[in-house]
2 protein chains.
Amino acid sequence: MSGGAADSRSVAEKLFAIADAFVGRESLSLSDIAARARLPLSTAHRLVAEWVAWGGLVRGDDGRYRVGMRLWQLGVRQPTALRLRRIAMPYLEDLLEATGEHVHLAVRDGLGAVYLERLSGPGAVSAISDVGSRLPLHATGVGLVLLAHAPTEVFDEVIAAKPRKYLPNTLVEERELRRRMAEIRSFGISTSVEELTRGAFSIAAAVRDATGEVVAAVSVIAHVERVGEPQFALGVRMAARGISAALGYRPPSD
Amino acid sequence: MSGGAADSRSVAEKLFAIADAFVGRESLSLSDIAARARLPLSTAHRLVAEWVAWGGLVRGDDGRYRVGMRLWQLGVRQPTALRLRRIAMPYLEDLLEATGEHVHLAVRDGLGAVYLERLSGPGAVSAISDVGSRLPLHATGVGLVLLAHAPTEVFDEVIAAKPRKYLPNTLVEERELRRRMAEIRSFGISTSVEELTRGAFSIAAAVRDATGEVVAAVSVIAHVERVGEPQFALGVRMAARGISAALGYRPPSD
DNA sequence: ACTGATTCTTCCACTGGGCGGAAGTGGCGA
DNA sequence: TCGCCACTTCCGCCCAGTGGAAGAATCAGT
C-alpha cells in the first residue's frame, strides 16, 4: 500500500505537529490541520481523533476543530506564566494608564519571546503580538532585552538561525546586534524604532527575580510620532522596577 | 525481552496520560510521572523526552518536570475560556467586592465543571477549587447549575458513573438529583450547603449566551454562618444576568 | 435533479518504530 | 566502601501505526 518513503517523524512528533497547527488560530478544518502538520489526510484524521478522544481538541458543530478545555487546563497552570502574570498585572495596568498604548509582558522560551500579557489602550497601533504569541528575539523590544540578558549560546543560536529583516531598521548583523545588546545592558532600557512594525516604536526593560536573574521584560509599543515623550521610558522603568521588587529583587546598593 | 502482556494503549494515549499527570500539579519527577501514567519507567522516560523536545514540558534545574510555555501558548487561546473570562471579569470583580468570598466562573466539559476563574476575598473559606480545576458536576454549586441545563444524556452518564458522596449533604441519588435539577431550573438559582466542603455554602446561577443556551455558571462560596445574607443570592443573580447580557442574551420579554 | 468538485471517513496489508525488561550509570547517605 | 535509589541507555521482537486508495457525504453550479 505505502508506496513512497514513510514519514520519519515519530507518532509523538506528528501529534505535536498537529497541536502546533493550532497555535494562534481559533479553529481549523481537517485539511487545514493536515496541510499545516504536513501529514496525509488519513493520518491526520486518525491522530486528530486521538486528540479529540482525550479532550485536547474538540470538534465544533461546524465540523472544524478547536483547542479544548483539557489543553486549557494543562496550560493555564504553567508556573512561570501564572506567577509572573499575577504579580505583574497591577504594574502593567498602571503603565497602560500612564501611556494609553500597548503594554507587554514577555518571557524568553528558546529562541522566541512569548507574550504573557498584553494590555491595550483604545487608540493603540495595530500590532502583531497578542497573549500567547511567540515572536523572534531580535525584532521586538522585549526580545532584545531578553536576548541581552540570555546566556551567550542563545545569541549564537539566534545568529546561526539567520535572523530575518522585517523592516529596514531591523537589526540582523551580528556586530550591530552585539553593540545593541551591550547598550541595553548598560542603559538598562531598550528603544527600537520601526524594527518590527511600521509606524511603531518600542521601549522595553528587564524584570529580575529574587536571584537577580532576568526572567521577563516589559515594554510599551506606541505610535512613532510619540517617540521621545518622557512618560514612556519613565513608565517602563518604573513598571520593570516595581515588578522586580514584587518578585523579591533587591538591587545592589553599592 | 517483553515478558508480560504489553500495554494496550496507543502511543497517543500514553502521551496524554503523561500530560494528564500534570493537571493541577506544579512539578513532577520522572518516577511520579511514570506512576501517575501507569507506565514503565523506561517508557515514561522516552515519552517525556519527546514532550520536552517539543517544548510542552520542561526539565527544571532540580531535575523535575514542569509544564512548558508551548503548552501554555496552546491553552491560553482556548476560545471559550478566553472569551468568557474576558467578558465576565468585571462582573466577577463586582461580585467579589459585594461579598468578599470566593467567586467562581465555570463551564461544563464532559462530566466535569471546569473552573475558568476564581477570585477570592481575604478571609474566604479554604476551598479545593482553583483556576483550571475540574470538579464533579453533582457536588458543586456551579456543577449542579450546569448539569440542570445540560442534555439529558449528561445526567444519565453522571448517574451511571456512581456519583461520590463527599459529605452527608452531597446529593447522589437519582431521584434527589432530579428534584434538585427541576428546582434549579424553576428558581434560576442554586443553593447548596456543605455538599463538597465542610463549613461552606454555595450560591450559583446560570449564564446564557446570545442563543439562549447555558454556557457557564457563576457562584459564590462562603462561610456557612453567612447563609441567608441577602447580598449573596442577589449578587450572584446580578452577575449572571450581567454576563449573559454582555454575551448578547436577551431574556424572553413575554 | 444531475454532475462534478471538495472534503471527510474507512479499509487493509506491509513494515519499521515503539516497546519494556534488563543492565548500566551516577549521586547520596551511612 | 557499600548499598540504595532514581534515572538513563540498550536491544531484538512484534504489532501498532502507516498512508494510498476507494468509498461516503456534502456542497455548488446548471
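Proteins get letters first, then strands, A, B, ... in listed order; numbering begins at 1 in each. Everything numeric in this text was worked out from a predicted model, so none of it was measured. No hydrogens, no waters, no symmetry mates; every other heavy atom, side chains included, goes into these values.
Among C:dC19, C:dC8, D:dT18, the nucleotide with an atom closest to any side-chain atom of B:Val11 is C:dC19.
At D:dC15, none of the side-chain N or O atoms of B:Arg9 fall inside 4.0 Å of OP1 or OP2 (strictly under the cut-off).
DNA chain C lies under 4.0 Å from no heavy atom of any residue of residues 15-25 of chain B. Proximity of residues 26-49 of chain B to DNA chain D (heavy atom under 4.0 angstrom from any strand atom) is restricted to B:Ser29, B:Leu30, B:Ser31, B:Leu41, B:Ser42, B:His45.
Ring geometry for A:Phe16 versus B:Trp51: interplanar angle of 30 to 60°, hence tilted.
With respect to the salt-bridge test (charged N to carboxylate O, under 4.0 angstrom), the residues A:Arg178 and A:Glu174 qualify. Salt bridge A:Asp109/B:Arg70: absent, no basic N to carboxylate O contact under 4.0 Å.
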- [ ] Would you check, one step at a time, whether the test side-chain hydrogen bond (donor to acceptor under 3.5 Å, both in side chains) holds for A:Ser133 with A:Asp130?
- [x] CA-CA 5 Å; A:Ser133 303; A:Asp130 196 356; 5.7 Å; no
Practice problem: Apply salt bridge (Lys or Arg N to Asp or Glu O under 4.0 Å) to B:Asp20 and B:Arg36, showing your working. | Solution: CA-CA 8 Å; B:Asp20 266 334; B:Arg36 301 191 150 272; over 6 Å; no
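The shortest side-chain heavy-atom distance between A:Thr170 and A:His138 falls under the 4.5 Å cut-off.
Counting non-hydrogen atoms of neighbouring residues, nucleotides and ligands closer than 6.0 angstrom, the CZ atom of B:Arg198 reaches no more than 12 such neighbours.
Rounded to an integer number of Å, the gap from B:Glu50 CD to D:dG17 P is 13 Å. Remark: P of D:dA16 and NZ of A:Lys14 are 16 Å apart, rounded to the nearest angstrom.
A:Arg64 comes within contact range of no nucleotide atom at all, as no heavy-atom separation falls under 4.0 Å.
Checked by atom type, the side-chain pair A:His102/A:Ser129 shows no donor-acceptor distance below 3.5 Å.
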